[in-house]
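Start at 1 and go down the list; that is how both ligands and their atoms are numbered.
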Amino acid sequence: MINFDFSFVKGVGWYPGHMLKATRDIRKQLKLVDVVVILTDARTPISSLNEGLIKITSTKPILIVLNKADLAEDEKTLEWAEYLKSKYENCDYVITETLKRRGLRQITDSARKLIKEDRKKKGATRPLLRPIRLMIVGVPNVGKSSLINALNRKKSTRTGPRPGVTRSQQWITLADDMELLDTPGIMPPGNPLVECGLRLGLINAVKQDLIGKSLLVTYLISQLFKHENYNHLKSFGVKFPVTDYDHILETISAKMGYKLPGNMPDIRKTEEYILREYTDGKFGKMTLDIHPDSQAKSDVTILWPDAKINMDAEEDKES
Ligand SMILES: Nc1nc2c(ncn2[C@@H]2O[C@H](COP(=O)(O)OP(=O)(O)OP(=O)(O)O)[C@@H](O)[C@H]2O)c(=O)[nH]1
Ligand SMILES: [Mg+2]
């Protein structure tokens with residue numbers, strides 16, 4: 001049995017000035033667009049959705065894209081997609097793996113279908129004689145610019161495995177009858193619940209240094225135990241069953257040759273390495289958002305801050 005204690009962790013919000021401006025820019029451009037494409041990370045479909053974006057764009061049809069599906073468990077991605085479709089009116093969903101170019105066609109097909117239905121609902125009778133316009137929004141680092149590049153093929157917008165790569169809006173015209181608006185990633189203002197914040201840090205939607213890399217590695221390892229996802233740890237020589245957290249980091253540090261003077265393990269370097277391995281998908285498919293109805297399956301206890309206190313804080317914020 002291994003225990004993890006996160007009860008001391010405080011929520012970490014991240015809402016720098018450029019996100020406030022980006023939100024204003026989205027409101028301004030909204031009247032120009034035909035459909036809003038909201039990207040979320042398939043590993044955290046709820047934690048990385050930013051419901052505020054759904055609220056401010058709800059006058060338009062919305063296509064929810066669960067991207068990075070290559071990093072999430074297929075069955076759970078489908079379950080979450082159906083959940084989102086039933087939760088929000090006016091929405092459809094598509095599951096994508098942008099880097100492998102999977103699901104791209106469904107995005108353009110679904111966008112066209114949503115626009116057609118919307119125009120019909122509004123009584124439009126003539127065909128649209130201009131390119132259709134899609135605005136791409138979402139939290140940082142979910143793959144908005146990558147999606148646009150994959151659709152565009154000319155690779156004109158910058159991407160990177162960090163939050164905040166795109167800093168301003170940019171229209172991109174595709175060869176066929178479509179225009180795309182890339183936007184900077186936007187977090188909801190305020191502090192998320194602690195576990196939601198840790199998930200956002202792990203997927204790089206929030207700067208990892210703001211949360212602390214040690215804490216994120218501990219959270220990652222707690223999730224590996226929760227999902228009984230041991231293969232990558234075993235490949236470093238970690239022996240199971242494990243009861244001692246330090247043994248995991250020390251084993252990986254020894255395997256990688258990360259040493260400090262005096263032959264001590266270089267834990268900081270090891271933690272940075274583990275997070276890079278996670279970002280590169282080396283720990284395999286793992287969905288972090290867990291539906292409340294699903295059962296935890298493993299021999300691990302994880303302590304969280306008093307959920308009631310957190311829930312009350314959330315409600316206060318909304319009222
Ligand atoms: N594994 C995987 N990685 C992806 C996928 N799509 C994008 N990425 C990677 O995710 C990282 C972020 O991609 P970006 O396109 O820059 O994300 P963004 O949403 O534009 O980010 P900001 O501009 O910072 O808001 C990059 O390293 C991409 O290579 C995917 O489907 N699967
Ligand atoms: Mg971008």
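Ligand 1 lies within reach of Gly160, whose nearest heavy atom is under 4.0 Å from it. Remark: distances from the non-hydrogen atoms of Pro163 to ligand 1 include one below 4.0 Å.
Between Lys21 and Asp25 a salt bridge is recorded (basic side-chain N to carboxylate O distance below 4.0 Å). Classification of Arg133 and Glu179 as a salt-bridged pair holds, one side-chain N sitting under 4.0 Å from a carboxylate O. The residues Lys207 and Asp209 are annotated as not salt-bridged, no charged nitrogen and carboxylate oxygen being separated by less than 4.0 angstrom. Ion pairing between a basic and an acidic side chain is recognised when a charged N comes within 4.0 Å of a carboxylate O; Lys87 and Glu51 show such pairing. Electrostatic pairing of Lys113 and Asp92 counts as a salt bridge here, judged by a charged N lying under 4.0 Å from a carboxylate O.
Heavy-atom proximity to atom 29 (O) of ligand 1, evaluated over Asn149, Thr183, Leu99, Thr96, is greatest for Leu99. Of the listed options Lys100, Lys144, Met187, Lys144 places a heavy atom closest to atom 19 (O) of ligand 1.
Contacts with ligand 1 closer than 4.0 Å are made by side-chain heavy atoms of Leu71 only, the backbone lying farther away. Residue contacts with ligand 1 for Arg162 involve N, CA, C or O but no side-chain atom from C-beta outward (heavy atoms, distance under 4.0 Å). When non-hydrogen atoms are compared, ligand 1 lies under 4.0 Å from the side chain of Asn67 (C-beta onward) but not from its backbone. Contact annotation: for Asp70 versus ligand 1, heavy atoms closer than 4.0 Å belong to the side chain alone.
The distance criterion of under 3.5 Å between nitrogen or oxygen atoms is not met by Asp182 with respect to ligand 1. Backbone and side-chain nitrogen or oxygen atoms of Glu97 are examined, and none is located within less than 3.5 angstrom of a nitrogen or oxygen of ligand 1. Of the N or O atoms in Val142, one or more lie within a sub-3.5 Å distance of an N or O in ligand 1. Not one N or O of Pro140 is nearer than 3.5 Å to an N or O of ligand 1, by distance alone.
Aromatic rings of Phe225 and Tyr230 (six-membered ring for Trp) have centroids within the 6.0 Å cut-off, being under it.
Using modelled atom types, one finds a donor on one side chain and an acceptor on the other under 3.5 Å when comparing Ser214 with Glu271. Judged purely by distance below 3.5 Å, without hydrogens or angles, the side chains of Asn90 and Ser58 never pair a donor atom with an acceptor atom. His232 and Glu277 form a side-chain donor-acceptor contact under 3.5 Å, judged by distance and modelled atom types alone. Under the 3.5 Å distance criterion, with hydrogens and angles disregarded, a donor-acceptor pair is assigned to the side chains of Thr98 and Asn67. Using modelled atom types and a 3.5 Å distance limit, the side chains of Tyr219 and Arg199 yield a donor-acceptor pair.
The shortest contact between atom 17 (O) of ligand 1 and any protein heavy atom is with Gly143 N, 3.1 Å. Nearest protein heavy-atom contact of atom 31 (O) of ligand 1 is Thr98 N, 2.8 Å. Atom 9 (C) of ligand 1 has its closest protein heavy atom at Lys68 NZ, 3.9 Å.
Residue Asn141 has at least one heavy-atom neighbour below 4.0 Å for each of these atoms of ligand 1: 11 (C), 12 (C), 17 (O), 18 (P), 19 (O), 21 (O), 22 (P), 24 (O), 25 (O). For ligand 1, the atoms closer than 4.0 angstrom to any heavy atom of Ser146 are 7 (C), 13 (O), 14 (P), 15 (O), 28 (C). In the vicinity of Gly185, heavy-atom distances shorter than 4.0 Å reach the ligand 1 atoms 25 (O).
Across Trp14 and Ala205, no two heavy atoms sit closer than the pair CZ3-O, 3.4 Å.
If you put the vertex on the Mg ion (ligand 2), OG1 of Thr166 and OG of Ser145 sit 90° apart, to the nearest 10°.
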